[in-house]
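Counting begins at 1 with the first residue of the sequence.
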Amino acid sequence: MTYNSFYKGIPFAIILLSLIGFLLFYGYRPTHSQASLEPVGPYFNGVFPEQPPSESPITYEYEVVDAFPNLKFEWPISFQPVPETTQMAVGTLEGKIHIFENDEAVSTKTLIMDISGRVEQSKLITKDWEGTGPRDGAFMGFAFHPEFNQSGSSNNGYIYVSYLANTNLVRISRFNVPNLATMQVDDSSELVMIEFSRLESLTHYGGTMDFGNDGFLYFTFGEFGGAGIADPTDAQNISDSFRGGSFRIDVDKDPAKSHAPRRTLTQLNSDDISGVGYWIPNDNPFVDATGGTLEEYYSLGHRNPWKMTIDEETGQIWVAEVGPVGDEEVNFIEAGGNYGWPHKAGNTEPPNLSNDRLGPEWPSSGIIGNVTDAAFSYDRIASNSSVVGGEVYTGSEFPELAGRYIFSDIYSGNIWGTRYDPDNDSFSTIDIGSYDRVWAYGKDHDGEIFFSRGFGYNNYAKKLSRAEELPPQLPNLLSETGAFTDLADLIASPAFIPYQVNAPFYSDNATKYRWIAVPNDGVADTAAEQIAFSENDAWEFPEGTVIIKHFEFGTDQRLETRFMVHGSDGWYGFTYKWLADGSDAELVDAAGLEEQTSFNGQPQIWTYPSRAQCMQCHTESSGQVLGLNTRQLNRNMTYPTLGQTKNQLIHLNDLGLLAGSFQANQINSYLTSVDINDSSAPLEDRVLSYLDSNCAMCHNPDNSIRAAFDARLATPLGDKNLIDQVSLDDLGVSGAKIVSPGNPDLSTLYLRLSSLDSTIKMPPLSKNTIDTAAILTVHDWIEAIGPTPEPTATPTATSTATATATQTPTSTATETLVPTATATETADPTGTPVVSATPELTPSPTADPNTGSNGTIIYLPIARIPAESLVDREP
């Protein structure tokens, strides 16, 4: 069966109906096509840097500066953003909460709560104190209800606090703000939810709190053991007191999620209180229907969990925990986790409690919960001996810190950032800077972190600042570039002009769309706004030009969007990898990426090139820009917003972008590439155009490579050093030539194009599949070659471009699987050709019927036939 006879048998009416159905189903991909230039500054209005970002890891240096230089705080203990406002709140050790505008220039703060008369003031220190160690206790922490300040919510005025009362009691209480306009807390509204004796201990109170993503309130308490007054093994007891644990309660008392406490402190001691104003979440790890445990426990085995924070993006809980003479630790809190104290400190078992005493061994039986190691720990020494934290950075000022938990040591002043990698179940920790005596942390609505010393009256809130200017950076997300006004429909910014090419580079079955933005002020009338045109050589582009190439499989699987930018020292490239849901794309690391994907249900590797690999193809000898040249753009394209079809060269010239020797009336004489699958074009022209697109960036006289044939289309075949030339590497094939006339199997060109072996394949980069249609065409061409052609100065490629808006392009006539002898090409706004047809045109015999082997062909649904059914011979 011949290829032609198969397609001649398809009724034309069915094909036409299929075309209509295809367009209705897939529609056009909208984009912008300018009747006039859209003004755009160099580097797409400065979005992209003039210099390529360094491929080496950036060393970041920070310094600590005043966040609010006109505002002082007295013994600050916690910073919190005020929900539904632009304000911050700061809680102080003495029992006060102030609010203030989150503005660097702010100079006033407003007192909204003062319970200093109820808070144990012996924990405060004189303003001149610079002594040995903080005294935890007093006012310990506060949290706004998640519905605070939300109109219509019965919870919109609630603030929860943790403090040591001057009646020798530890409390968790709720207060109310009856008038949100004034934000004044009603001090008489206190609801004591939990209260118990501190047993005369001096330290280890913990006491911070935060609401989780689940809406539950989390808080911590230490084991109240300071100086050995209390029994440290209380941290392993979840039945009799709230000591040495983290806790989780439902302040909304939702019956679908929680139940009333079955065991309370009041039952154990009539002077203590618990179970007031809250219930127990049903999925707490230590729920006990028999009432044998205090079900509020979420984890246990903590010594002094000084500061807890919850990552609002992941829900993960972090706790900085002051250690004994042994280990300081940061814990990654898990439900039911047992962090070991006093049998374990950090990751040391048993802990070193003093110079001459070890902690107790683990009991031989009866361990509660799951023994859990610290996420980060360090040796406790005199100069490095009191860890405090901390917040998870979610801001935008320091993207390199995203997801890192920021914490520090009071005495050494060291500030660190650690990040959890769930894929490897590991933590990576970096040094960030230093500032001594830090013990208060918080962050604002934008995720920027504040911290402060906690001692004395004259304290300022601090923040990080860059110690030096960063090297050039790229946006982390495609959406942040602004290159597309609508990512869902892939609508490019009006500054970008779409274009198509005659002979696309093969890209592992992908469909591709292309755009270019040339800097201009609306009228391209200077050299800095124009492309230096050349008929056969590479075009030259103004500095600040940006080119986009987007890759997809079919119409519903986005792969990547690549950029080439003409920087001040030459071109550089980078790419964005699309998320699985197609909502955005993330910047690929400079080293590139390779991943397993699938095409038409078959496994396939896709390579996201490294930035260095981009420039291995976009070589200096090729002009560094591939595809944007006369032979590739000399073709018609339909511009929907213009309502007409125009030759692309003429359109660029009409916009004023082509400078130099371009002559619109000569485009029919310009050398023009043809598609490898265009069976209406001469076989030789198709193959030589393919070699020009896929090989000439390296195989040209100006590039010092071993295989020195010239693949440029403008070089006549007899001058290419291609036919009957001895190959520098015969690939183990006796008598092999680069192209052996009549003998594909003796031709290293054919063998390399046919291979995926990394030591043989050509092109050598980002090639994971064989371009079967092209290989068969190259095979046919080599078989058909006669005697070695004589050198000639006349190009052999056939020019088929048209110059008017209504003429029919011939260079891409077979870009649809439609029987036709004369094709009229249109295009959707993204650059994908759509061809209407009349009978008799035959497609390339090996074209992939699903997407087209060259990645830009659209086939009709009626002809979605497995490629192998079109091949009745072996190459």
Tell me yes or no: between the side chains of [X] and [Y], is some donor less than 3.5 Å from an acceptor?
| X | Y | answer |
| --- | --- | --- |
| D584 | S479 | yes |
| T511 | E552 | no |
| S693 | Q632 | yes |
| S568 | Q51 | yes |
| T561 | W578 | yes |

Looking at F662 versus F533, is the centre-to-centre ring distance below 6.0 Å?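 When the ring centroids of F662 and F533 are compared, they turn out to be within the sub-6.0 Å range.
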Ring centroids only, cut at 6.0 angstrom: are F484 and W515 within range, meaning strictly under it? yes
Angle between ring planes, F574 versus Y576, binned at 30° and 60°: parallel, tilted or perpendicular?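 The rings of F574 and Y576 stand perpendicular, inter-plane angle above 60°.
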Parallel under 30°, tilted from 30 to 60°, perpendicular over 60°: which one fits the rings of H566 and W571? parallel
Between R686 and D678, is the closest basic N to carboxylate O distance under 4.0 Å?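 Salt bridge absent between D678 and R686.
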Should K577 and E586 count as an ion pair when the cut-off is N to O under 4.0 Å? no
Evaluate whether atom CD of Q604 has more than 12 neighbouring non-hydrogen atoms of other residues, nucleotides or ligands under 6.0 angstrom away.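 Atom CD in Q604 is packed in, count exceeds 12.
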List for me each residue that meets salt bridge (Lys or Arg N to Asp or Glu O under 4.0 Å) alongside [X], sequence neighbours excluded, and say none if there are none.
| X | value |
| --- | --- |
| D508 | none |
| E535 | none |
| D537 | none |

Reference residue Y690; test side-chain hydrogen bond (donor to acceptor under 3.5 Å, both in side chains); the match among D675, T777, D771: D771
Expected output: side-chain R631 to main-chain N536 donor-acceptor under 3.5 Å: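 Checking the backbone N and O of N536 against the side chain of R631, a donor-acceptor pair under 3.5 Å is found.
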Would R562 count as a cation-pi partner of F551, with NZ or CZ less than 6.0 Å from the six-membered ring centre and within 45° of the ring normal? yes
